[in-house]
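A short worksheet on the structure shown next.
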Protein chains: 2
Amino acid sequence: MLSKKCKYAIHALVHMAKEPEKKFLIKDISEACNIPKKFLEAILLELKRAGVLGSKQGKGGGYFLRQDPATVNLAEVLRMFDGTIALVSCAAHKFYEPCAECEDEATCSLHHAFLEIRMATVEMLKNETLEGLAKKELKMKAKKKAKA
Amino acid sequence: MLSKKCKYAIHALVHMAKEPEKKFLIKDISEACNIPKKFLEAILLELKRAGVLGSKQGKGGGYFLRQDPATVNLAEVLRMFDGTIALVSCAAHKFYEPCAECEDEATCSLHHAFLEIRMATVEMLKNETLEGLAKKELKMKAKKKAKA
DNA sequence: GCCTAAATCTATTGATTTTATAGAGTTTAG
DNA sequence: CTAAACTCTATAAAATCAATAGATTTAGGC
């Protein structure tokens, strides 16, 4: 499972990607996405430090996307907040660590199995971009409204 | 990431699946797989309660596979120890729960994205059986030995 | 029957991580 | 100069994870 922090980050980013040019107040994102304001503060700050968001301080300030939402994908966000995507550390790409209990990774069937699963999962996550998610959501909401 | 408990469980099961008819002592599994003995005790007990293992108490006792290792897969073991395989609770199959912050799952892009990812992941995990993993491991170890 | 080997059960501890909040500080528009 | 807004440090509450201790029950073999 994702941490709440990571899920909140994705929610916030997708929300912002619906209007990629707009500047957002923490408070507004917090209310729109139902994320505790103080918690969201820390999250947005992390995203800023990672270069995904930019910000402007003082009156009239706010957060905005610094990167093209088509180039930001879920694999990236997951790794930023939750670390590795792999199910065991010895199958990780960016956060590789040998498993303490394993005597020989080369002949460990789990290592090989989870390596494949990690690679497939990362592929799927890379296909999910902020732009894609935001557009899908706008479309779904429009459809639902039309129905009602 | 899997919990250690879950990873230990899989290690122990694969170890046992290499000799599916044999009866194993906790101590022997613990030493073979480098798992803290007391911790392993609790794990094996859970696997027994779940029906995967059987046991015999007293002198000459031990644990043994109760199910055909070809029918036990990693999806099952993961769910037993770590709960849902999905990355968000609203995308879970066996452990579904709505996300607290989400106002409308039907139009949530994350819900749909993670639903697909969960389904693909479960497919992959289901293809990894105790028998498959054990055989692969035996083969790899034999190959390595032949080389040396 | 008694001894010993082995699984079983209850409880609890310590460490770590996660989630969240408080409050002071800094920046900027007007 | 003041209000609005992000920034930073600190910390606390809660949950989870990993591991251990110690007592109990069961069964085999002499």
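Chain letters run A, B, ... following the sequence lines, proteins first and then strands; every chain starts at 1. This one's a predicted model, so the numbers in the text were calculated from it and none came from an experiment.
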For this session: For salt bridge (Lys or Arg N to Asp or Glu O under 4.0 Å), just list the numbers for K126(B) and E123(B), CA-CA rounded to whole Å, side-chain angles, deciding distance to a tenth of an Å, and then say yes or no.
Result: CA-CA 5 Å; K126(B) 277 194 174 163; E123(B) 265 327 291; 5.0 Å; no

Exercise. Would K144(A) and D104(B) count as a salt bridge (Lys or Arg N to Asp or Glu O under 4.0 Å) if you check the C-alpha gap in whole Å, the side-chain angles of each, and the deciding distance to 0.1 Å?
Worked result: CA-CA 11 Å; K144(A) 188 162 192 187; D104(B) 181 13; 2.8 Å; yes

Exercise. Does the pair F24(B) and F64(B) meet the rule for a ring pair (Phe, Tyr, Trp, His ring centres under 6.0 Å), with working shown?
Worked result: CA-CA 6 Å; F24(B) 295 85; F64(B) 50 89; 9.8 Å; no

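Contact check for R118(B) versus L87(B): no side-chain heavy atoms found under the 4.5 Å cut-off.
For the pair E41(B) and E41(A), both in contact range of DNA chain C, the more 5′-proximal nearest nucleotide belongs to E41(B). For the pair K56(B) and D82(B), both in contact range of DNA chain D, the more 5′-proximal nearest nucleotide belongs to D82(B). Looking at which nucleotide of DNA chain C each of A42(A) and Q57(A) is closest to, the 5′-most match is held by A42(A).
The CG-P distance, from L40(B) to dA18(D), rounds to 14 Å in whole Å. dA18(D) atom C1' lies 14 Å from atom CE of M1(B), rounded to whole Å. The nearest whole Å value for the distance from the CG atom in L47(A) to the C1' atom in dT7(D) is 15 Å. The separation between I43(B) atom CD1 and dT20(D) atom C1' is 14 Å, rounded to whole Å. Counting to the nearest Å, the C1' atom of dT7(D) and the NZ atom of K59(A) are 19 Å from each other. Between F39(A) atom CZ and dT17(C) atom P there is a gap of 15 Å when expressed in whole angstrom units. Protein atom CG of L45(A) is 18 Å distant from nucleotide atom P of dG25(C), rounded to whole Å. K48(B) has its NZ atom 12 Å from the C1' atom of dA6(C), to the nearest Å.
Using a cut-off of 4.0 Å between Lys/Arg side-chain N and Asp/Glu carboxylate O, K7(A) and E101(B) are scored as salt-bridged.
Other residues, nucleotides and ligands contribute more than 12 heavy atoms inside 6.0 Å of the NZ atom of K18(A). Atom NZ of K136(B) has more than 12 neighbouring heavy atoms from other residues, nucleotides or ligands inside a 6.0 Å radius.
Pairing each heavy atom of M80(B) with each of E46(B), the nearest pair is O-OE1, 4.3 Å. In this structure, F81(B) and K5(B) approach most closely via the heavy-atom pair CD2-CG, 3.9 Å.
Dashed line: the shortest gap from a side-chain N or O of Y8(B) to OP1 or OP2 of dA18(D) is not under 4.0 Å. A close approach under 4.0 Å does not occur between any side-chain nitrogen or oxygen of K5(B) and OP1 or OP2 of dT16(D). Distances shorter than 4.0 Å separate some side-chain N or O of R49(B) from OP1 or OP2 on dC9(C). The shortest distance between the side-chain N/O atoms of S55(A) and the OP1/OP2 oxygens of dT7(D) is below 4.0 Å.
The stretch residues 18-38 of chain A comes close to DNA chain C through P36(A), K38(A), each having a heavy atom under 4.0 Å from the strand. DNA chain C is contacted by no residue of residues 89-97 of chain A, taking any non-hydrogen atom closer than 4.0 Å.
Linking Ile, Leu, Val, Met, Phe, Trp and Tyr whenever their side-chain heavy atoms come within less than 4.5 Å puts I35(A) and L45(A) in one cluster.
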